[in-house]
Amino acid sequence: SPSGSGVATKTGANSRVFVFEVEGIRQGGNSDQQTYPIRRSGRVLITVPYERMNQEMRRISRLGGRIVNIRACDGTSPDQSSTTPENGLQSQQSGEQKKPMTQAKVHTEVPVNIYKPKNPFVGKCLSSVELVQEGGEGTVRHLTFDLSGGDLHYVEGQSIGIIPPGTDANGKPHKLRLYSIASTRHGDHLDDKTVSLCVRQLEYKHPETGETVYGVCSSYLCNLEPGADIAITGPVGKEMLLPDDEEATIIMMATGTGIAPFRAFLWRMFKEREQNPDYQFKGLAWLFFGCAYTPNILYKEELEELQRQFPDNLRVTYAISREQQNKDGGKMYIQHRIQENADELWQLNQKPNTHTYICGLKGMEGGIDEGMSAAASKFGADWGEYQKQLKKEHRWHVETY
Ligand code: FAD
């Protein structure tokens, strides 16, 4: 039976054991219920063998409890290692004076549609920098626009619309295209007066003629010169918002320009601490990034600098399809990295303040689901059902295009 001592014991050679920290559990009402000693924090510790995790979670939830933390207590215990992402968890566990963790965070001050397509804000291009290094494929540019003189403001995880000049094949003005914002609300110049994007020039071979076709808006943006005017709408989007919880675990999965919102997240978490006294991130951020070649790793140097500065709070895992091999000898896609880390990801997702974000190419979700399904089934859970629950709790966020 679960012990309430807080001391985990192994129940068998192959059995991993976890300690759940639970709050709000109702005790003593029912004869078939366990009772647990309540700690000073008002929480109880429940020791659970791996095989019973899901059953136990359901039971806790029936008793009105909320799991605020899960710790592994076997050879992979986070207490013992120094560079695993659970170090983030570790730091969350210290100190009893924790703020209550919020699950479905209500975002009250999220601006939307300040500028509509009929009346866009006309800003100026301040800079355009190539992000693909020598030897990489394609063109991806980091663009920064001046917003001064207007009222456009936004939060991390939102997108803006860009209206390319000119008309389409039917002679109608071009429709807007959406782009994820790659800067924090303060902008790259920290003066709250700019917005930045990360834009890949769409380029493909026409399926019939074989001619190279370039995308309208992405080409316009990638060729934009500093000083040029730019018509901007929005902001829009509430799917990819970052929770206010400073102790959250934020798992990010990106392919290519899908990194844009995560650049904004990471800059907010780690680079702009002075600008955000009310958001001092202490949790764990784990970025999975997939691309074809090493020179296609966007913002690589800055990411690695952040990792050096915050080794306990930031983990970055690359999947470089044309250079790395998966365990079966095939190309290494992001889904293979998810599969490799699926147990850990599954465990992290048990914490009520873990959020997973997926951004980038349409189609990347399939592989991620496969990886998570495999992990879930090991724990006796059905991924489809579990994911539904995560979505309901606003902890599983997807924006693919
Ligand atoms: P268009 O000229 O509109 O051409 C696109 C069309 O070309 C497609 O509709 C399709 O018909 C055709 N096409 C495309 N590829 C092929 C192919 N391989 N074979 C045959 N036909 C093809 N993009 C970014 O670069 N960065 C971002 O951060 C970003 N964020 C986004 C966020 C959201 C919420 C959404 C919805 C999209 C985002 N996009 C982003 C994509 C962006 O909105 C545009 O779709 C993209 O730049 C292409 O627009 P375009 O005008 O250049 O292409």
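Nothing fancy with the numbering, it's 1 onward along the sequence. Since the structure is predicted, the reported quantities are computational estimates derived from the model, not experimental observations. These values consider heavy atoms only, across backbone and side chains, with no hydrogens, waters or symmetry-generated copies. First listed ligand is number 1; within each ligand, the first listed atom is number 1.
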Protein heavy atom at shortest distance from [atom]:
atom: atom 52 (O) of ligand 1; value: S218 OG, 2.6 Å
atom: atom 26 (N) of ligand 1; value: C198 O, 2.9 Å
atom: atom 36 (C) of ligand 1; value: Y401 CB, 4.0 Å
atom: atom 30 (N) of ligand 1; value: S180 N, 3.1 Å
atom: atom 5 (C) of ligand 1; value: L202 CD2, 3.5 Å
atom: atom 42 (C) of ligand 1; value: L178 O, 3.3 Å
atom: atom 25 (O) of ligand 1; value: R200 N, 2.9 Å
atom: atom 7 (O) of ligand 1; value: Y204 OH, 3.3 Å

Quick one: does [X] get an N or O within less than 3.5 Å of an N or O on ligand 1?
X: V216; result: yes
X: R177; result: yes
X: A260; result: no
X: S159; result: no
X: V199; result: no
X: Y214; result: no

[X], portion touching ligand 1 at heavy-atom distance under 4.0 Å:
X: Y179; result: both
X: Q201; result: neither
X: P164; result: neither

For salt bridge (charged side-chain N to carboxylate O under 4.0 Å, His left out), just list the numbers for E247 and K282, CA-CA rounded to whole Å, side-chain angles, deciding distance to a tenth of an Å, and then say yes or no.
-> CA-CA 5 Å; E247 302 190 338; K282 308 174 189 66; 5.3 Å; no

Is the gap between the ring centers of F265 and Y357 under 6.0 Å?
->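 Ring-ring flag for F265/Y357: true, centres closer than 6.0 Å.
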
Do [X] and [Y] get their side chains close enough for a donor-acceptor pair, meaning under 3.5 Å?
X: T257; Y: Y401; answer: yes
X: E305; Y: Q309; answer: yes
X: Q389; Y: E393; answer: yes
X: Y386; Y: Q350; answer: yes
X: H142; Y: D188; answer: yes

Under 4.0 angstrom from atom 10 (C) of ligand 1, is there any protein heavy atom?
-> no

Number the atoms of ligand 1 from 1 as they appear, then name those within less than 4.0 Å of a heavy atom of C217, with their elements.
->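 In order of numbering, the contacting atoms are 50 (P), 51 (O), 52 (O).
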
Which of the atoms in ligand 1, numbered in the order shown and given with their element, are less than 4.0 Å from a heavy-atom of E399?
-> 34 (C)

Does any pair with a residue in residues 136-158 pass salt bridge (charged side-chain N to carboxylate O under 4.0 Å, His left out), and if so which ones, sequence neighbours excluded?
->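 Sorted result for residues 136-158: E130-R141, E156-R185, E156-R268.
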
Salt bridge (charged side-chain N to carboxylate O under 4.0 Å, His left out): which pairs involve residues 165-181, sequence neighbours left out?
-> none

Give, for atom CG of L147 and atom CG of L152, the distance between the pair rounded to the nearest 0.5 Å.
->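 If we round to the nearest 0.5 Å, L147:CG and L152:CG are 5.0 Å apart.
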
Rounded to the nearest 0.5 Å, how far apart are CD of E340 and OG1 of T317?
->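 That separation rounds to 8.5 Å.
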
On the ring face of Y299, is R263 found with NZ or CZ under 6.0 Å from the centre and within 45° of the axis?
-> yes

